[in-house]
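What you see below is based on every heavy atom in this structure, not just the backbone, and it leaves out hydrogens, waters and symmetry mates. Numbered from 1 within each chain, the chains take letters A, B, ... in sequence-line order.
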2 protein chains.
Amino acid sequence: MTQQQRTVAAGHASPWHGGRRRRDRALKRDAVIRAAARAFRERGYHNTSLDDIAAALGVTKPTLYYYVRNKQDLLFECFQAGLAGIGAAFDEARRSHGNGRERLRIVLRGYALAIASEFGWCMVRAEDQDLDAAMSARIRARKGEIDRQIRALIQQGTADGSIRDCDAKITAFAIAGALNWIAHWHRESEALAAADIADRFIGFFEDGLRPRR
Amino acid sequence: MTQQQRTVAAGHASPWHGGRRRRDRALKRDAVIRAAARAFRERGYHNTSLDDIAAALGVTKPTLYYYVRNKQDLLFECFQAGLAGIGAAFDEARRSHGNGRERLRIVLRGYALAIASEFGWCMVRAEDQDLDAAMSARIRARKGEIDRQIRALIQQGTADGSIRDCDAKITAFAIAGALNWIAHWHRESEALAAADIADRFIGFFEDGLRPRR
DNA sequence: CAGTTATCTTACTCATGGGTAACATCGTGG
DNA sequence: CCACGATGTTACCCATGAGTAAGATAACTG
């Protein structure tokens, strides 16, 4: 079985397959990041070598450096890729004219889907420990911003009566923690699809947060 | 500043300090495991070298091998050390004659304290990725057992009416996830003490789980 | 106090893997 | 169709860190 056959068998097309060498930098860079995300999730950041990632794409290690500065950067890009979905969910929530609880639901759904995606593991694990000061500061800033916005939605909900009285800080931590944890156990092969998991978790928290009549 | 002064300044006495070499294998082994747990939590498993751990104790690397088989084993022992607290909480819950919700509270309190302890990070992160098949299987078994017992308490609670109707599996996942997540952000320097955090999280979930009147 | 054992150190080995240099090759625009 | 820039490759360097071997030294034991 060739490398190409193996990669394809895993269900992940590589832009390097198919005879002709093509010039499509953006597409290839994307493929590199996705391959890295999958490998990191599967085996962990430190147990994944750049050779592994390159092999999964049917390419050699130095090629990766043509698309990415270094290994750290790769992890950071995986983080950013996952972030997009969350940003979109916040936008959607802002556009909707629902009450706090409904807006929170929209955000949490996007959040849960992002965490269950191939980038989820990287988003959750990309932290101080493996990154230099600059990158780790950027990540902390982004995560802090998300936390802040979730708290704001919770407070809006308690203000408009759609969420029961609660400590916004603890509530946000608890919900985000529970959702983040999904990245630790969810695999694509799982019985439950990502959307299913998201809905159930959200259902659980919504029931818990709805005010007592 | 000597190594001893540094270690002491960090608030962690080492059995190797204090002139005379003493024979106290159990105590020293314990110190090794605690030092490892702190270092892993601080910098991560892969970013911590055995030299680091040894230095924190004022000792050289080969000495560690006198107390522990290898690095994996060290991580595994950290996991087990943290487990003790959880086991005790389950025992206490069994002895108590409260309803499901009250028993769950006892367990969750012990669980949260264990996660917030110095071993919490290791408990949460000790997984397949960094351990060989045998150890990883043992850890998965222990974690599965905990999950099973938490679900049982939830079901008991819904049966006796102390917990609202809910999917026990999702509920257990959500609660355990939220508590596990504490290990990712809690540090001893934190404004909130561990017991405080535990109580607030439990309060949050209890309010959410209490049945509607 | 002498021999024995537990404990610890110095001084290594060796595999791994991130990163780079220099060269080969493909595609495309003039 | 050819020269030049965009892609990739082979072959390397080198720091790090897990683990070991063999010897030193301190604490017990008789």
Rounded interatomic separation in angstrom, taking CD from Q72(A) and P from dG17(C): 18 Å

Under 3.5 Å, side-chain donor or acceptor atoms of residues 63-70 of chain B against the rest of the protein: list the pairs with distances, not counting sequence neighbours.
residue	atom	partner	partner atom	Å
T63(B)	OG1	T60(B)	O	3.3
N70(B)	OD1	Q72(B)	N	3.4
N70(B)	OD1	D73(B)	N	2.9

Taking S49(A)'s backbone N and O only, do any of them form a donor-acceptor pair with D52(A)'s side chain (distance below 3.5 Å, no angle check)? yes

Interatomic distance where CG belongs to L64(A) and P belongs to dT7(D) [whole Å]: 15 Å

Length of the line joining D52(B):CG and dG17(D):P, which is rounded to integer Å: 7 Å

Non-neighbouring partners of D30(A) that pass side chain to side chain donor-acceptor pair (under 3.5 Å), sequence neighbours left out: none

Is there side-chain contact between Q80(B) and R138(B), with heavy atoms separated by less than 4.5 Å? yes

Side chains of residues 106-122 of chain B: which donor-acceptor pairs under 3.5 Å do they make with residues two or more places apart or in other chains?
residue	atom	partner	partner atom	Å
R109(B)	NE	D199(B)	OD1	2.7
R109(B)	NH2	D199(B)	OD1	3.3
R109(B)	NH2	D199(B)	OD2	3.3
Y111(B)	OH	N180(B)	OD1	2.8
S117(B)	OG	A114(B)	O	2.7
S117(B)	OG	F119(B)	N	3.1
E118(B)	OE1	R38(B)	NH1	2.9
E118(B)	OE2	R34(B)	NE	3.4
E118(B)	OE2	R34(B)	NH2	2.6

Rounded to the Å, how far apart are L50(B) CG and dG19(D) P? 7 Å

Near DNA chain C, which residues from residues 29-49 of chain A have a heavy atom under 4.0 Å away? T48(A), S49(A)

What string of B, S and - do you get for nucleotides 5-16 of chain C, 5' to 3', when a contact is any protein heavy atom under 4.0 Å? BSBSBBB-----

Please enumerate all residues that pass side-chain contact (heavy atoms from CB on, under 4.5 Å) together with A178(B), with sequence neighbours excluded. A174(A), A178(A), F201(B), F205(B)

In whole angstroms, the gap separating P of dG19(C) from CG of D51(A) amounts to 12 Å

Between dA18(D) (P) and D132(B) (CG): distance, integer Å: 16 Å

Between dG17(D) atom P and L74(B) atom CG, what is the distance in whole Å? 16 Å

Please examine the side chains of R148(A) and R151(A), heavy atoms only from C-beta on, and report whether any two atoms are closer than 4.5 Å. no

Given side chains that start at C-beta, do those of L104(B) and Q156(B) come closer than 4.5 Å, heavy atoms only? no

Could you tell me how far apart R69(A) (CZ) and dG19(C) (P) are, to the nearest whole angstrom? 11 Å

With a 4.5 Å cut-off on side-chain heavy atoms, are E102(B) and S96(B) touching? no

